[in-house]
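The structure under discussion appears below in the form of structure tokens.
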Amino acid sequence: MHTNQNKIESHEFKPIDILMVEDNHTDAIITREALIYAKVNNTLHVVEDGEEAIDYLMQRGKYSEAVLPDLILLDLNLTASTGLATFFT
């Protein structure tokens, strides 16, 4: 007997928290639109440089109550500080 008991609707999942480290506003918009198009249930937080990303992750300053992300999207070609430098911090 085949049942749909194992079928889980996407709206039953809590949104994933995504931290996007991106200094290009257009790229951030494109990514946001892609997530909407793909119907990814998410809360997207965008910061513009590596230093701000570290503050977010360490919950410092204005990010003292930030929710730690489930996923980090890191631009490896950041202008102010390289994405790789942020990654290895």
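Numbering of residues begins at 1 and proceeds along the displayed sequence.
- With hydrogens and angles disregarded, no donor-acceptor distance shorter than 3.5 Å links the side chain of S64 to the backbone of R60.
- The heavy-atom pair separating P15 from T43 by the smallest distance is CB-OG1, 3.9 Å.
- With contacts defined as side-chain heavy-atom distances shorter than 4.5 Å, the pair L57/P69 qualifies.
- Taking the side chain as every heavy atom from C-beta outward, D17 and L68 never approach each other to under 4.5 Å.
- One finds the CG atom of L71 at 5.5 Å from the CD1 atom of I16 (value rounded to the nearest 0.5 Å).
- A distance of 5.5 Å separates CG of D75 from CG of D23, quoted to the nearest 0.5 Å.
- Taking the side chain as every heavy atom from C-beta outward, L73 and I18 approach each other to under 4.5 Å.
- By the 4.5 Å heavy-atom criterion applied to side chains, L35 and N42 are counted as neighbours.
- Under the 4.5 Å side-chain contact rule for hydrophobic residues, L76 and I72 share a cluster.
- For R32, there are no salt bridge (charged side-chain N to carboxylate O under 4.0 Å, His left out) partners at least two apart in sequence or on another chain.
- In terms of heavy atoms, N24 sits closest to T26 at OD1-N, 2.9 Å.
- Under the 4.5 Å side-chain criterion, counting only non-hydrogen atoms from C-beta, L19 is in contact with V47.
- Side chains of M20 and L44 form a contact here, defined as non-hydrogen atoms less than 4.5 Å apart.
- Counting only heavy atoms from C-beta outward, the side chains of E52 and K62 approach each other to under 4.5 Å.
- Legend: residues meeting ring-ring contact (aromatic ring centres under 6.0 Å, His included) with Y63, ordered by chain and number and at least two apart, are Y56.
- Counting heavy atoms from C-beta on, the side chains of D70 and K14 come closer than 4.5 Å.
- Interatomic distance, CD1 of I54 versus CD of Q59, reported as 12.5 Å (0.5 Å rounding).
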